[in-house]
Amino acid sequence: MDGCCLADQTIQIRGWVYRKREGKELIFLVLRDSTGVIQCTVKKNSSAWSDAQKVTIESSLTLEGVAHEDKRAPGGYEVSTESINITGLAETFPIGKDKSEEFIRDMRHLWLRSRKMNLVMKVRNQVFESAREYFNSQKYTEVSPPMFISAAVEGGSTLFGLKYFDQQLYLTQSSQLYLEILMFSLEKVFCIAPSFRAEKSRTIRHLTEYWHMEGEWPFADMNDLMAFEEGLMTHICQSVSEKCEKEFAELGADINKLKAVKAPFPKITYKEAIERLKPKNPALDWGADLGYEDEKVLAEEFGQPFFVYDYPTEIKAFYCKTYQDHPEIAMSVDMMVPRIGEISTGGAREDNKEILIERMKAQGLNPQDYEWYLDLRRYGTVPHAGFGMGVERLIVWMLDLDNIIDAIPFPRTTRRFYP
RNA sequence: GCCGCUGUUGCAUAGCUCGGUAGUGCGACUGACUGUUAAUCAGUAGGUCAAAGGUUCGAGUCCUUUCAGCGGCGCCA
């Protein structure tokens, strides 16, 4: 649709009417397709005139004409129309110039045709592609975990329950435990799959259904984990910045932010984070979880992705491995970015069966509910680590979107699940 | 879970403080005009003011409840 490579040739365009400006002697039709938009002119003496008059915003059509450079046209190129063949004459399109957030959310199925959503979806595609590229380059195997699960990964309060014939099942919150199973066969594994959380969060960074990029691999420690995560993040940012330059420009997003992402990232321990934040938040003592406000303060200071690691065991899940000489500290790490806060959580997993059972009991969980998970420690246990990253949070940060709902085509939030 | 905000025609809004027959822009329709950039000009149609109840001679406006949506915190990726 940029026209330049086909200048002065007769071309055929299949697309939709994006804008229409009508005069007595001349009609301007701006057409859109998946690649972009281009202005087409229809003269009164043309055989296409009556169809051009008839056509409405969002009508689909095939248009034939000569492409040529014209400084007066938006984009610098336009098409002198010779013929139009209307495929689907559109009724009056409901989305116009004046629109509220609420209205375009109700019209999501049509709003996805907008330039903004078109561009964001292309960037999203590139994020998926670049992520897979990196995992594959590091010889990871992509696997397919289940979405229906019979037990919780961590506490049960944020699980979506559902009726499965005559039984109670749940939607998965994380594929981690399933990656751990597959790891014993394939070693380095990853997946990009949905996760579901029944958290009644009312923020611009929560979805009830989001895409979770998770990796798990054997014989890894905290340093391996952070090195892999920063390598992945760097590759995604660099690769997207190279391949989505046009999208970033049209969306008005800052591509230099991505170009600046390079391993290694700043890394601070939880203890250091507390000490840094203490002057601003005197109530913050060792043992308390970092609040969103605290994370934001740190993120503004760093101005780029960074890690916080070695959290108190008490505030982390039962499967987190702890230090032998410091059982009160868990080998857990969060990656944070400005404005969004946490975009990834990972850690070393407890590989000792007895300690794992103790941790379960300490958190009020019944080890019998996790028999298959304990089996993994019975039969050839190995030290291992893994992480999960929220894909939409990553995209929100990259494009500096106002709300996470625009990072996914069909957002599900506590109040919205249509269409 | 806690707190705050919003709801007026297909869309976007004014009017609400301080009660007195609901106004504008976009879109639609009719016409004019034009190398336009979601053009411009003139005209036409379009509203049980989210719902219910209350106060009042009189409620879009004040009070109560409900519904819907948005956001902040908590929780998390």
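We name chains A, B, ... by the order of the sequence lines, and we start the count at 1 in each one.
Nucleic acid contact for A/Phe28: base, since at least one base atom lies under 4.0 Å from a heavy atom of the residue. Among the atoms of the strands shown, base atoms are found under 4.0 Å from some heavy atom of A/Glu199. Among the atoms of the strands shown, base atoms are found under 4.0 Å from some heavy atom of A/Gln39. Base engagement by A/Glu78 is indicated by at least one non-hydrogen atom pair under 4.0 Å involving a base atom. Residue A/Gly96 is classed as a base contact, given a heavy-atom separation below 4.0 Å to a base. Among the heavy atoms of the strands, none lies under 4.0 Å from A/Gly341. Residue A/Asp289 is classed as a sugar-phosphate contact, given heavy-atom separations below 4.0 Å to backbone atoms only.
You'll find that the side chain of A/Arg72 is closest to B/rU37, out of B/rU37, B/rC76, B/rG71. Nearest to the side chain of A/Thr203, among B/rC76, B/rC73, B/rU36, sits B/rC73. Listed candidates were B/rU37, B/rC11, B/rC75. Nearest to the side chain of A/Pro74 is B/rU37. Listed candidates were B/rA77, B/rA12, B/rC73. Nearest to the side chain of A/Leu207 is B/rA77. The nucleotide whose nearest atom lies closest to any side-chain atom of A/Arg202 is, among B/rC70, B/rA77, B/rU36, B/rC70. Distances were taken from every side-chain heavy atom of A/Lys99 (C-beta onward) to each of B/rA77, B/rC11, B/rA39; the shortest belongs to B/rC11. Of the listed nucleotides (B/rG71, B/rC11, B/rC76), B/rC76 has the atom at the smallest distance from the side chain of A/Arg197.
If you check distances only, the side chain of A/Asp98 never reaches the base of B/rG27 with a donor-acceptor pair under 3.5 Å. Contact annotation: side chain of A/Glu91 to base of B/rG10, donor-acceptor pair absent below 3.5 Å. For A/Glu22 against B/rU36, a side-chain-to-base donor-acceptor contact under 3.5 Å is absent. Below the 3.5 angstrom threshold, one finds a donor paired with an acceptor across the side chain of A/Ser201 and the base of B/rG74.
In this structure, A/Thr345 reaches the B/rA77 phosphate: one of its side-chain N or O atoms is under 4.0 Å from OP1 or OP2. An OP1 or OP2 oxygen of B/rA39 is reached within less than 4.0 angstrom by a side-chain nitrogen or oxygen of A/Arg21. The side chain of A/Arg205 places an N or O atom within less than 4.0 Å of a non-bridging phosphate oxygen (OP1 or OP2) of B/rC73. In terms of phosphate contacts, A/Asn403 brings no side-chain nitrogen or oxygen within less than 4.0 Å of OP1 or OP2 of B/rC70. Residue A/Arg32 places none of its side-chain N or O atoms closer than 4.0 Å to OP1 or OP2 of B/rA38. OP1 or OP2 of B/rA12 has at least one side-chain nitrogen or oxygen of A/Ser100 nearer than 4.0 Å.
Checking side-chain atoms of A/Thr172 against main-chain N and O of A/Phe148 turns up no donor-acceptor pair under 3.5 Å.
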So what does the secondary structure string of RNA chain B come out as, 5' to 3', with Watson-Crick or wobble pairs under 3.5 angstrom, [ ] for crossing and | for pairs with another strand? ((((((((.[[[[.)....(..]]]].(((((.......))))).....[[[[[..)....]]]]])))))))....

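Regarding A/His212, its NE2 atom lies at a distance of 13 Å from the P atom of B/rC76, rounded to whole Å. For the pair A/His68 NE2 and B/rG35 C1', the computed distance is 11 Å after rounding to whole Å. Taking atom CG on A/Asp334 and atom P on B/rA77, their separation rounds to 7 Å, with Å as the unit.
Aromatic ring orientation, A/Tyr210 versus A/His212: tilted (interplanar angle from 30° to 60°).
Taking the six-membered ring where the residue is Trp, the centroids of A/Phe318 and A/Tyr370 are separated by under 6.0 Å. A ring-centre distance under 6.0 Å is found for A/Phe135 and A/Phe228.
Every residue meeting the side-chain contact (heavy atoms from CB on, under 4.5 Å) condition with A/Ser83, not counting sequence neighbours, appears here in chain and number order: A/Glu64.
Residues A/Ile408 and A/Arg124 have side chains in contact (heavy-atom distance under 4.5 Å, counting atoms from C-beta outward).
At least one cation-pi condition fails for A/Lys139 and A/Trp217: the charged atom is not both under 6.0 angstrom from the six-membered ring centre and inside a 45 degree cone around its axis. In this structure, A/Arg205 satisfies the cation-pi test against A/Tyr292, with its NZ or CZ atom closer than 6.0 Å to the six-membered ring centre and inside 45 degrees of the ring normal.
Residue whose closest nucleotide on RNA chain B sits further toward the 5' end, between A/Arg416 and A/Ile315: A/Arg416.
Stacking between A/Tyr292 and B/rG74 is absent: the ring centroid is not both under 5.5 Å from the six-membered base ring centre and under 30° in plane angle.
With a 6.0 Å radius and a threshold of 12 heavy atoms from other residues, nucleotides or ligands, A/Lys200 has its NZ atom at or below the threshold.
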